[in-house]
There are 2 protein chains.
Amino acid sequence: MNETPNEEGKVSTKDKIFQVSVDLFSEKGFNAVSIREIAREVGIRESSIYNHYKNKDAILDSIIKYFMDVMKSSGPPEDIGDEMLAQNPQSFLKLGASMYLDHINTPTMNKIWRIISIEMYQNEKIRSIFLENMLEEPLKFWESIFTQLIENKLIKPFDPKILAREYFFFGVYLFFEHFVLRYPDTEKSFVDVAKDRLMEHTNFLLSSITLEGEK
Amino acid sequence: MNETPNEEGKVSTKDKIFQVSVDLFSEKGFNAVSIREIAREVGIRESSIYNHYKNKDAILDSIIKYFMDVMKSSGPPEDIGDEMLAQNPQSFLKLGASMYLDHINTPTMNKIWRIISIEMYQNEKIRSIFLENMLEEPLKFWESIFTQLIENKLIKPFDPKILAREYFFFGVYLFFEHFVLRYPDTEKSFVDVAKDRLMEHTNFLLSSITLEGEK
DNA sequence: GTCTATAAGTGGATAGAC
DNA sequence: GTCTATCCACTTATAGAC
């Protein structure tokens, strides 16, 4: 779980296995990677893997646990402050999305996002993590934001459920495009790509829902 | 390739293999299904499979070929008629999307859509089919539609590229939600689900871009 | 066109020496 | 904690009898 060297300046074998597994799983998918391949890449024999992880599934479990720990420790963007929401909805939508993306912008996290996108269709645990944390929870969050914006008469009174979907599904589309389709073929991180395109989408949405007097 | 019985009232073994493979691949993914499993389900020995298909890859190839043939024979929605486009853009957006979906609405095609969504990340042929036919080509089509609508002064003069994305991303999202996420857990076909939700999206977009006088 | 038999390889996982 | 050696289940695919 620890990617950095310890005090002796060495990376533990368990960490090496973790990191190599993240690399290989994200490239080929969990099933297409063998314990032998991981061991070879780490530089040990396959039987030695079992001194660190009970079995192959346990490696994937620890990767998902790492992912969830990072996501939780980053915290939701709810603490941005009500002042900005009340005074400048434009900035809130733009900044809120950026903050939501920033804390998942490391090479390891980007690879795990890819693993999630690959394994989602067959791994029920991964699927439910995505559904709850990357779909249902954010939709509720943005619905509450749009509800506030409407109550404060800062935007036109559309159905906040529809607004949340129109706003957030574009982010899911970007996720699909980047991690599943790997399109466009880019070396850039998801966050860097998504920020620009989300800005365009946010601007378009805002131009539709901002009250005339506020323009 | 032929799902219906022939004149003797019998389904050929090759067709059985095809259909069973579609069923199994769409449930478990190509790699997770063995030739043995297909043979068992068909009711023959695994060696007999090789009398009909050269190898396992050839089965998947024939499935993709079937998919492409159906897509091509259905034709693009460009022949809907310019009159409707000129006179009633609302109907065009709604009807155009429906027509685009209708010709892919069979149980077999739905299962192949699922296979495509599963194999896209690792099968370069399938990935490029999706990118070209389900992403780039439709985006170009809708961009040309919005360009016409703007030229005819039927909608506000937004950037047609942005409009195409803002309209079409929702369809890609629905694809992702239905075939990858399988959410919500539904027995309904993609088309039936997508039509209703696309209508909502189309209405929202139209409310943003329709000229005030036209409302 | 289907069968039996078998080849040749890869997979996850364990036992026990060091 | 790493190694060698090994097990056994399972994979795709082929040869040849019927």
Side-chain angles (χ1 to χ4, degrees), chain A residues 1-3 5-64 115 118-119 122-123 125-126, chain B residues 1-3 5-64 115 118-119 122-123 125-126:
Chain A
M1 239 100 98
N2 184 8
E3 297 162 55
N6 58 22
E7 59 262 29
E8 283 96 31
K10 297 205 170 188
V11 179
S12 77
T13 301
K14 183 161 188 170
D15 290 344
K16 272 191 204 159
I17 295 169
F18 181 91
Q19 205 55 48
V20 165
S21 298
V22 167
D23 289 346
L24 292 175
F25 291 166
S26 68
E27 279 306 313
K28 308 180 171 190
F30 177 76
N31 287 321
V33 176
S34 67
I35 291 281
R36 276 181 175 77
E37 194 175 0
I38 297 170
R40 195 190 319 125
E41 204 71 22
V42 171
I44 55 176
R45 296 288 175 173
E46 57 261 35
S47 58
S48 300
I49 299 270
Y50 295 93
N51 282 318
H52 302 282
Y53 291 96
K54 193 197 160 205
N55 54 30
K56 199 183 161 193
D57 281 326
I59 302 178
L60 182 57
D61 286 343
S62 83
I63 291 172
I64 298 305
I115 295 173
I118 293 174
E119 304 302 327
Q122 56 173 346
N123 185 313
K125 190 177 162 188
I126 290 177
Chain B
M1 238 102 98
N2 184 7
E3 298 160 54
N6 57 22
E7 58 264 27
E8 284 97 29
K10 296 206 171 188
V11 179
S12 77
T13 301
K14 184 162 187 170
D15 290 343
K16 272 191 206 160
I17 295 169
F18 181 91
Q19 206 53 50
V20 165
S21 298
V22 168
D23 288 346
L24 292 174
F25 292 167
S26 68
E27 278 306 312
K28 307 180 171 190
F30 177 76
N31 287 321
V33 176
S34 67
I35 292 281
R36 274 184 178 77
E37 195 174 358
I38 296 170
R40 195 190 319 128
E41 206 68 23
V42 171
I44 54 175
R45 294 289 174 175
E46 57 261 37
S47 57
S48 301
I49 299 270
Y50 295 94
N51 283 319
H52 304 280
Y53 291 95
K54 194 196 159 208
N55 53 32
K56 198 183 160 192
D57 281 326
I59 303 178
L60 183 57
D61 286 343
S62 82
I63 291 172
I64 298 304
I115 294 173
I118 292 174
E119 303 303 327
Q122 58 172 346
N123 185 311
K125 191 176 162 191
I126 291 178

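Note that the structure is predicted; figures quoted are calculated from it, not measured. Letters A, B, ... are given to chains in the order of the sequence lines, protein chains preceding strands, and every chain is numbered from 1.
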Legend entry - Atom pair distance, as rounded to whole Å: CD1 in Ile17(A) and P in dG12(C): 14 Å
Inset, instruction - Would you check if Val33(A) and Glu27(A) make a side-chain contact, meaning some heavy-atom pair closer than 4.5 Å? - result: no
Legend entry - Donor-acceptor pair under 3.5 Å, Ser34(B) side chain vs dT12(D) base: no
Inset, instruction - Examine the base of dC3(D) for any acceptor or donor lying under 3.5 Å from a partner atom in the side chain of Ser48(A), and report the outcome as yes or no. - result: no
Inset, instruction - Please work out if Val42(A) contacts a base, only the sugar-phosphate, or nothing of the nucleic acid, heavy-atom cut-off 4.0 Å. - result: nothing
Legend entry - Euclidean distance, atom CD of residue Glu46(A) to atom P of dA5(D) [Å, nearest integer]: 12 Å
Inset, instruction - Would you kindly give the CG-to-C1' distance between Asn55(B) and dT11(D), to the nearest whole Å? - result: 14 Å
Legend entry - Rounded interatomic separation in angstrom, taking CD1 from Ile49(B) and C1' from dG1(C): 12 Å
Legend entry - Nearest heavy atoms of Ser26(A) and Ile118(A), plus distance in Å: O-CD1, 3.7 Å
Inset, instruction - Remember a base hit wins even if backbone is also touched, and classify Ser47(B) as base, sugar-phosphate or nothing at under 4.0 Å, heavy atoms. - result: base
Inset, instruction - Specify the separation, in whole Å, of atom CG of Asp15(B) and atom C1' of dG1(C). - result: 15 Å
Legend entry - Distance (rounded to the nearest 0.5 Å) between Ile59(B) CD1 and Ile38(B) CD1: 4.5 Å
Legend entry - Side-chain heavy-atom pair Ile115(A), Ile63(A) within 4.5 angstrom cut-off: yes
Legend entry - Between dT11(D) (C1') and Ile38(B) (CD1): distance, integer Å: 12 Å
Inset, instruction - Rounded off to whole Å, could you give me the OH-to-P distance for the Tyr50(A) and dC3(D) pair? - result: 15 Å
Inset, instruction - Can you tell me the distance, in whole Å, between the CG atom of Leu24(B) and the P atom of dT11(D)? - result: 12 Å
Inset, instruction - Output yes when at least one side-chain N/O atom of Arg36(A) is less than 4.0 Å from OP1 or OP2 of dG12(C), else no. - result: no
Inset, instruction - Among the candidates dC3(D), dA13(D), dA13(C), find the nucleotide nearest to the side-chain atoms of Arg45(A). - result: dC3(D)
Inset, instruction - Compare all side-chain heavy atoms of Tyr50(B) with those of Ile35(B) and state whether any distance is below 4.5 angstrom. - result: yes
